[in-house]
Amino acid sequence: MQKKNTRNNFLNRHRFLLTGLLCLFGICLLSAQDKPKQPEKKKTRVDLLYAEEAQADKILLPDVQILIRSVKLRHDSMYMYCDSALIYEKTNSVEAFGNVRMEQGDTLFIYGDYLYYDGMSQLAMLRENVRMINRNTVLTTDSLNYDRLYNLGYYFDGGTLTDEENVLTSEWGEYSPSTKISVFNHDVKLVNPKFVLTSDTLKYSTDTKIATILGPSDIVSDKNHIYSERGIYNTTTEQAELLDRSVLTNEGKKLTGDSIFYDRVLGYGEAFDNVQMNDTINRNMLTGNYCFYNEITGSALATQRAVAIDYSQGDSLFMHGDTLRLITYHINTDSMFREMRVYHKVRAYRTDVQAVCDSLVYNSKDSCMTMYTDPILWHGSQQLLGEEIKVYMNDSTIDWAHIINQALAVEQKDSVHYNQVTGKEMKGFFVGGDMRQVDVNGNVLVVFYPIDDKDSTMIGLNYSEGSFLRMLLKERRMEQGAFIGKANGTLYPMDQIPADKYKLPPFVWFDYIRPRNKEDIFEWRGKRAGEQLQKSDRKPIVSPRNMNIKRNK
């Protein structure tokens with residue numbers, strides 16, 4: 001009877017226990033629906049598979065097994081080897097000493113001089129001469145923690161990760177054998193035979209060989225330098241996708257954009273939004289919302305609010321067109337030269353010079369800038385135009401300009417009176433940035449207002465015709481002028497000027513087109529109807545031999 005009551009009490013206690021466990025299991029199921037799934041902790045024991053000698057001291061070291069020589073242990077699928085070990089039965093943990101080796105499957109091997117392994121948390125802490133090997137990836141450090149639940153190894157006192165192509169070092173890092181992803185922090189350095197990447201924070205895949213930039217980073221090779229704070233770099237294909245105002249520098253040329261794509265093998269880069277390509281050697285810059293640069297061919301292209309800026313002089317020149325293109329010929333040879341092509345709807349502004357035309361080409365071979373289709377050039381109160389204008393540069397300053405066919409020069413005196421010269425062609429020569437001499441050739445017509453030296457008032461209107469005219473200027477004003485060869489002219493007093501003599505037949509004052517500032521270059525204003533030049537087939541004429549004399553300095 002007593003045995004029966006004892007049995008019933010035992011069964012009742014177990015019924016209550018079973019009921020409690022079922023309730024607890026139901027609560028856990030409901031909670032699990034709202035929480036992310038955690039790695040399952042296995043409660044299996046760390047087992048001893050082999051040791052040459054085993055000892056136990058229940059008084060001094062209770063619940064501790066002492067294992068000596070050729071020790072082999074197992075916890076689930078992880079095997080551990082060492083020279084000697086202590087097994088703590090109560091905590092299900094192990095301390096291993098000398099020639100420590102951990103093996104999981106046939107892909108993960110960890111070596112070290114010391115190991116503490118917690119079987120409950122499945123955390124292994126290895127110290128001194130530690131190596132984690134996962135196929136072709138080797139992680140080397142003196143302090144490594146390996147979490148078996150998350151299959152993650154991490155170090156915190158300096159380490160090195162190597163694979164087939166790269167060597168990565170940092171103060172802190174982690175590596176996952178399952179995902180092949182590693183993360184590095186503090187003094188990160190990736191060394192590749194072709195470049196070196198240094199960073200504050202970097203993620204790297206040993207599978208894809210892609211480095212993800214997560215902090216200020218520099219990628220340096222023999223020829224170029226990349227700076228980025230966010231982006232990816234494929235160390236195999238050497239392609240980069242960079243964000244957050246990254247910078248690509250190559251032999252004095254610096255490409256900056258909100259985002260950049262760069263292919264080191266093919267040698268080209270593309271930049272998008274708020275782009276700048278700065279040539280610090282030649283002191284010029286391309287800007288726009290899209291820019292392409294090929295460092296192998298030396299070619300570049302900018303569009304979408306594209307601007308070419310020359311800042312080699314004290315005052316910068318800003319030039320805008322729908323498209324800006326740079327072409328390099330005979331690159332890396334003694335005969336190398338470049339062409340800058342700007343098209344269409346070109347507008348340029350500098351404090352002392354402004355210009356408009358449909359298209360423009362600058363050739364570094366002869367330092368000549370050619371303006372095509374209705375070109376107009378302004379210099380102070382002077383306006384120059386023709387079918388085509390060639391401007392020859394000397395150290396980024398104007399040396400001389402050649403206006404070809406239907407040449408017209410206008411100087412504004414006031415809102416009514418204009419000095420005017422027209423001819424088949426015109427050459428203007430500059431000294432120190434100022435026009436000092438103008439030669440006009442072929443069917444020359446002149447309207448000129450002489451000035452009284454005493455009170456600077458206009459004396460009258462001088463109307464002249466001839467075949468060749470030379471004018472000398474000082475402080476942007478005509479100082480003297482003379483026809484060479486046959487010429488005739490008439491001086492009209494100011495109160496007797498005929499109405500048809502105020503303006504020459506081709507006269508037009510294009511002040512409404514003129515760029516007012518560097519922002520105004522984006523506002524295209526074309527000529528009014530009927531004011532466009534009708535292009536002729538006439539070729540540039542050659543001045544008579546005796547006219548080919550040096551300009552006045």
Side-chain angles (χ1 to χ4, degrees), residues 253 255-257 269-279 282-294 297-313 315-329 337-379 383-393 396 398 401 403-404 510 512-527 531-533 535:
K253 297 178 180 63
L255 180 63
T256 307
E270 291 180 283
F272 305 86
D273 299 325
N274 301 312
V275 180
Q276 289 184 356
M277 194 178 79
N278 190 6
D279 186 342
N282 298 302
R283 299 178 65 80
N284 54 57
M285 182 187 303
L286 287 178
T287 68
N289 284 322
Y290 174 78
C291 187
F292 171 92
Y293 174 63
N294 189 311
T297 63
S299 60
L301 180 144
T303 62
Q304 302 175 28
R305 290 182 68 85
V307 180
I309 304 170
D310 182 283
Y311 57 91
S312 59
Q313 303 300 306
D315 193 8
S316 297
L317 172 67
F318 299 84
M319 185 184 302
H320 166 68
D322 293 342
T323 302
L324 279 67
R325 186 183 297 274
L326 177 67
I327 303 172
T328 302
Y329 298 91
F337 67 94
R338 292 186 172 92
E339 273 190 1
M340 168 68 80
R341 300 178 181 178
V342 187
Y343 51 92
H344 298 276
K345 298 181 178 179
V346 181
R347 290 172 65 80
Y349 175 84
R350 193 170 71 183
T351 304
D352 58 338
V353 176
Q354 301 83 42
V356 299
C357 61
D358 179 72
S359 55
L360 176 151
V361 175
Y362 174 75
N363 190 319
S364 66
K365 191 173 184 178
D366 54 6
S367 298
C368 178
M369 180 176 71
T370 305
M371 303 168 61
Y372 299 96
T373 312
D374 284 333
I376 310 173
L377 192 66
W378 292 270
H379 181 61
Q383 170 190 283
L384 304 174
L385 60 88
E387 290 184 20
E388 186 177 300
I389 299 178
K390 290 181 177 288
V391 179
Y392 293 86
M393 314 294 289
S396 299
I398 298 177
I403 305 175
I404 302 169
F510 288 113
Y512 64 93
I513 293 176
R514 186 175 190 172
R516 300 300 175 187
N517 50 57
K518 64 181 182 180
E519 296 301 325
D520 192 38
I521 61 176
F522 297 106
E523 300 298 326
W524 174 256
R525 298 186 290 276
K527 292 181 177 180
E531 295 182 343
Q532 295 88 352
L533 291 179
K535 190 170 183 178

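Only heavy atoms go into these numbers, but all of them, side chains included; no hydrogens, no water, no symmetry mates.
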How long is the straight-line distance from [atom2] of [Y] back to [atom1] of [X], given to the nearest 0.5 Å?
X	Y	atom1	atom2	answer
T323	R341	OG1	CZ	12.5 Å
Q532	K527	CD	NZ	7.0 Å
S299	N294	OG	CG	4.5 Å
K365	E339	NZ	CD	10.0 Å
I403	M371	CD1	CE	9.5 Å
L377	I389	CG	CD1	5.5 Å

Which heavy-atom pair separates [X] from [Y] by the least distance, and what is that distance?
X	Y	result
V391	M393	CG1-SD, 3.7 Å
A355	P515	O-CG, 3.9 Å
Y372	C357	O-CB, 3.5 Å
V353	I398	CG2-CD1, 4.3 Å

(Q) Check for me whether the distance between the ring centres of F318 and Y349 falls short of 6.0 Å. (A) no
Q) Is any side-chain N of the basic residue among D310 and R350 closer than 4.0 Å to the acidic one's carboxylate O? A) no
**Q.** Side-chain touch M319/L360, heavy atoms, less than 4.5 angstrom
**A.** yes
Q: Answer yes or no: is there a side-chain heavy-atom contact under 4.5 Å between T287 and Q276?
A: yes
Look only at the side chain of [X] and the backbone of [Y], and say whether a donor-acceptor pair between them is shorter than 3.5 Å.
X	Y	result
R305	F522	no
R347	E523	yes
D358	T373	no
N289	N274	yes
H320	A348	no

Q | Partner residues of D279 under the side-chain hydrogen bond (donor to acceptor under 3.5 Å, both in side chains) criterion, sequence neighbours left out | A | N282
Q) Going through the checks in order, is the side-chain contact (heavy atoms from CB on, under 4.5 Å) test met by V342 and Y362? A) CA-CA 9 Å; V342 187; Y362 174 75; over 6 Å; no
(Q) Would you call the rings of F272 and Y290 parallel, tilted or perpendicular, taking 30° and 60° as the class edges? (A) tilted
Q | Side-chain donor-acceptor pair present, N278, Y311, cut-off under 3.5 Å | A | yes
